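First comes the structure, then the notes that go with it.
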Amino acid sequence: KEIAEHEPSAPSKRGRGRPARHYVATERAHVHLADGYSDLASKALGYLGQLGGNEAVESFAAARSREIERRYAPIVRDAGSDPRVRAQALADALTQDGYAATVRDIGGGTLAVQLCQGHCPVREVAGKFNELCDAETAAFSRLLGVPVQRLATLAGGEHVCTTHVPLAMPTVRARAIRHPQEPANLRRQKEGQR
């Protein structure tokens, strides 16, 4: 069996009809979907690390991150400024490139969505060099224009790569901070001078 049904963690807002189903590639599918270059890529990155240290591997991962940005930036930019629509555009583009990506609402879909990747062509290599996952996460953050957080990875043994994408950034209001001994009337007077 190469595709497994996965129960959604939260109920869908689809309305009438059958319940939403999520499908992910099984371990067997990941083996069959592999391009056969994982071993060579792992050895090449290992050799790069031996020659240039961890900085060389991080430099390679950063270059790959820039490549991801160049590839998907026009697609995400054309989607507009809404982070949810941008995340969906990125997921669609990733799916076309073999990542089996989807977007799902979290907490009613007003605060965040999750970008989920059911397949990763570099999973085997990223399992040995997590710099690749870190660089991809940074690229997603820059593409979507919000600080994203990677919650799970296929390379780390999870059934899907999951990236948390906030839809609304919390606002922080500046408030006067007063010393505990400061009288309230003096604080009001200071606030009135601003």
Side-chain angles (χ1 to χ4, degrees), residues 3 6 8 12-14 20 22-25 29-30 33-38 40-42 44-45 48 55-127 129-156 158-171:
I3 301 292
H6 177 70
S12 173
K13 296 171 71 176
R14 293 180 45 178
H22 296 275
Y23 299 94
V24 296
H30 285 294
L33 291 171
D35 58 4
Y37 294 104
S38 295
L40 177 62
S42 292
L45 281 173
L48 180 64
E55 297 82 22
V57 175
E58 288 176 0
S59 179
F60 175 82
R64 185 169 187 278
S65 176
R66 289 188 300 274
E67 181 183 321
I68 290 169
E69 285 184 72
R70 277 193 297 276
R71 180 169 182 80
Y72 299 121
I75 296 164
V76 173
R77 186 175 39 250
D78 290 347
S81 60
D82 182 343
R84 177 194 319 271
V85 177
R86 291 170 72 90
Q88 186 62 58
L90 179 57
D92 292 344
L94 288 167
T95 295
Q96 288 181 355
D97 287 344
Y99 286 85
T102 59
V103 173
R104 64 180 176 190
D105 288 340
I106 300 301
T110 58
L111 297 178
V113 295
Q114 287 182 345
L115 173 63
C116 301
Q117 297 160 260
H119 176 67
C120 177
V122 299
R123 176 181 67 102
E124 301 263 338
V125 180
F129 298 94
N130 62 355
E131 294 90 346
L132 296 174
C133 293
D134 295 344
E136 181 181 80
T137 303
F140 287 178
S141 185
R142 289 187 297 268
L143 283 164
L144 299 173
V146 294
V148 304
Q149 181 181 9
R150 188 58 64 95
L151 303 177
T153 63
L154 287 160
E158 300 296 331
H159 74 280
V160 67
C161 291
T162 306
T163 305
H164 179 83
V165 180
L167 299 177
M169 296 304 296
T171 56

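In this text, all values refer to a predicted model and were calculated from it rather than measured experimentally.
Scanning for side chain to side chain donor-acceptor pair (under 3.5 Å) contacts around E131 gives an empty result, with sequence neighbours left out. In this view, E58 and N54 satisfy the side chain to side chain donor-acceptor pair (under 3.5 Å) rule, not counting sequence neighbours. With sequence neighbours excluded, the residues that form a side chain to side chain contact (heavy atoms under 4.5 Å, CB included) with A138 are R142. Listed by chain and number, the residues in a side chain to side chain contact (heavy atoms under 4.5 Å, CB included) with F60 are L45, L48, L132 (sequence neighbours excluded). Considering only residues two or more places apart in sequence or on other chains, T163 meets the side chain to side chain donor-acceptor pair (under 3.5 Å) condition with R150. Under the side chain to side chain contact (heavy atoms under 4.5 Å, CB included) criterion, L151 pairs with Q114, Q149, T162, H164, sequence neighbours left out.
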I'd like to know whether V148 forms a side-chain contact (heavy atoms from CB on, under 4.5 Å) with L115, so could you lay out the CA-CA distance, the side-chain angles of the two residues, the decisive distance to 0.1 Å, and finally the verdict.
CA-CA 10 Å; V148 304; L115 173 63; over 6 Å; no
Quick one, V122 with R64, criterion side-chain contact (heavy atoms from CB on, under 4.5 Å). Give me CA distance, side-chain angles, the key distance, then yes/no.
CA-CA 12 Å; V122 299; R64 185 169 187 278; 3.8 Å; yes
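Minimum interatomic distance between L154 and C120 (heavy atoms only, all atoms of both residues): CD1-N, 3.6 Å. Considering all non-hydrogen atoms of both residues, Y99 and P121 come closest at CE2-CD, 3.4 Å. Of all non-hydrogen atoms in S65 and A135, the two that sit nearest each other are OG-O, 3.1 Å. Contact between T153 and C133 at its shortest, heavy atoms only, is CG2-SG, 4.1 Å. What you find for L143 and E69 is that their closest heavy atoms are CD2-O, 3.8 Å. Here the closest non-hydrogen pair linking S141 and P147 is OG-CA, 3.5 Å.
Annotation: salt bridge (charged side-chain N to carboxylate O under 4.0 Å, His left out) contacts involving residues 88-103, sequence neighbours excluded, comprise R71-D97. Listed by first and then second residue, the salt bridge (charged side-chain N to carboxylate O under 4.0 Å, His left out) pairs involving residues 74-84 are R84-D105 (not counting sequence neighbours).
You'll find the side chain of L94 reaches within 4.5 Å of the side chain of Y72, heavy atoms only. Side-chain contact check for R104 versus C116: some heavy-atom pair is nearer than 4.5 Å. A 4.5 Å side-chain heavy-atom check between V146 and V165 finds at least one atom pair inside the cut-off.
With respect to L90, the side-chain contact (heavy atoms from CB on, under 4.5 Å) criterion is satisfied by exactly one of V85, L144, I68, T95: L144.
Remark: side-chain polar atoms of R86 are paired, donor with acceptor, to backbone N or O of G80 under 3.5 angstrom.
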